[in-house]
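Order of appearance sets the numbers: ligands from 1, and atoms from 1 within every ligand.
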Amino acid sequence: MIYVVGIGPGDRLAMTVEAEKIIKDSDIIVGYKTYLDLISELIADKKVVSTGMTKEVERCTRAIELSLENPNSIVSIVSSGDSGIYGMAGLVYELAEKLKYRGKIEVVPGVTSSVAAAALLGAPIMHDYATISLSDLLTPWDLIEKRIELSSEADMVICLYNPRSKTRVRQLPRAVELMLKHKDGNTPVGIVKDAYRENQVVYTTTLDNIDYDDIDMRTVIIVGNKTSYINDGKIITPRGYKL
Ligand code: SAH
């Protein structure tokens, strides 16, 4: 049996009760070291297999192999946030098919970063929104540009994951350039770094004023729609109620 568990953004309180219970009930835990460190006190008595950041295929294959080698054990593979959003869930199913794994696989939902960040920023989503990853490691950049442009044209709130890394620095300014074709420069933007973790940073700015150097891979960005506004440090996107 394999569980693919989303552990939420970081803090134990932001993990679902189900995720915590399943991790406690597991015999073997597989994950990326940084995420395992976030749940260290839950997994002290378990067999723990940790892998590097870009080793997703290796990590999921290992989880399947461990489940095959230990058919009576519960194996949990953990992702940050939700495991179905740029996480491990899809890959586990794809590999299970390829490796002819016949055991049970269950996905346990978690609080994804955009939702965690939205709560810290006030109510910036509230309406239709798009989640776009700026990582072009697995996705052609042309397709990412198209999604940014069309969702901006459709006036969606846009949540940007994987906005900028040490080597991927051109993507975010280009994404902003595309959004500015349809969104105003004064559109509220929420920046949340390390949500629900020790070094959490939360602030608001506007599309014209994003400090790119301050954005990294631990940051999620929420860009408002045409009705979003900032009041008392919070971003609010009205749902449309007449008040
Ligand atoms: N499965 C994860 C997303 C993994 S992609 C989820 O559902 O949240 C990795 C990206 O998620 C990071 O580059 C960053 O944009 C975002 N992210 C993950 N954890 C975060 C956190 N605690 N605070 C802010 N952004 C976070």
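A heavy-atom separation below 4.0 Å is not found between Y196 and ligand 1.
Protein heavy atom closest to atom 4 (C) of ligand 1, with residue, atom name and distance, is Y86 O, 3.6 Å. For atom 22 (N) of ligand 1, the closest heavy atom belonging to the protein is A195 O, 3.1 Å. The protein heavy-atom contact nearest to atom 7 (O) of ligand 1 is T112 OG1, 2.6 Å. Of the protein's non-hydrogen atoms, S80 O, 3.2 Å is the one closest to atom 2 (C) of ligand 1. Remark: minimum distance from atom 11 (O) of ligand 1 to any protein heavy atom is reached at Y161 CD2, 3.4 Å. Remark: minimum distance from atom 9 (C) of ligand 1 to any protein heavy atom is reached at N162 OD1, 3.3 Å. Among protein heavy atoms, atom 24 (C) of ligand 1 sits closest to R218 O, 3.1 Å. Protein heavy atom in closest approach to atom 15 (O) of ligand 1: T219 O, 2.7 Å.
Heavy-atom proximity to atom 8 (O) of ligand 1, evaluated over S113, A89, G8, S79, is greatest for S113. Among V202, D82, I85, the residue whose heavy atom sits closest to atom 3 (C) of ligand 1 is I85.
A salt bridge is defined here as a Lys NZ or Arg NE, NH1 or NH2 lying under 4.0 Å from an Asp or Glu carboxylate O, and E149 with K146 fails to meet this definition. Ion pairing between a basic and an acidic side chain is recognised when a charged N comes within 4.0 Å of a carboxylate O; D232 and K234 show no such pairing. Under the 4.0 Å criterion applied to side-chain N and carboxylate O atoms, D216 and K166 are not assigned as salt-bridge partners. Under 4.0 Å is where a charged nitrogen must lie from a carboxylate oxygen, and between E20 and K24 at least one such pair does. Salt bridge K21/E18: absent, no basic N to carboxylate O contact under 4.0 Å. Checked for salt-bridge contact, K181 and E153 miss the test: no charged N lies under 4.0 Å from a carboxylate O.
For ligand 1, the atoms sitting less than 4.0 Å from at least one non-hydrogen atom of V220 are 24 (C), 25 (N), numbered in the order shown with element in parentheses. Of all the atoms in ligand 1, the ones that sit under 4.0 Å from a non-hydrogen atom of G81 are 6 (C), 7 (O), 8 (O). Taking every non-hydrogen atom of V192 and a distance limit under 4.0 Å, the qualifying atoms of ligand 1 come out as 24 (C).
D27 contributes a side-chain N or O that, together with a main-chain N or O of I74, makes up a donor-acceptor pair within less than 3.5 Å. With D136 contributing its side chain and T139 its backbone, the two residues share no donor-acceptor pair below 3.5 Å.
Contact annotation for P163 and ligand 1: only side-chain heavy atoms (C-beta onward) come within less than 4.0 Å of the ligand. With a 4.0 Å cut-off on non-hydrogen atoms, R197 touches ligand 1 through its side chain and not its backbone.
When only modelled atom types and interatomic distance are considered, S133 and N162 share a side-chain donor-acceptor pair under 3.5 Å.
In this structure, I235 and Y229 have side chains that are not in contact, with every pair of non-hydrogen atoms separated by 4.5 Å or more.
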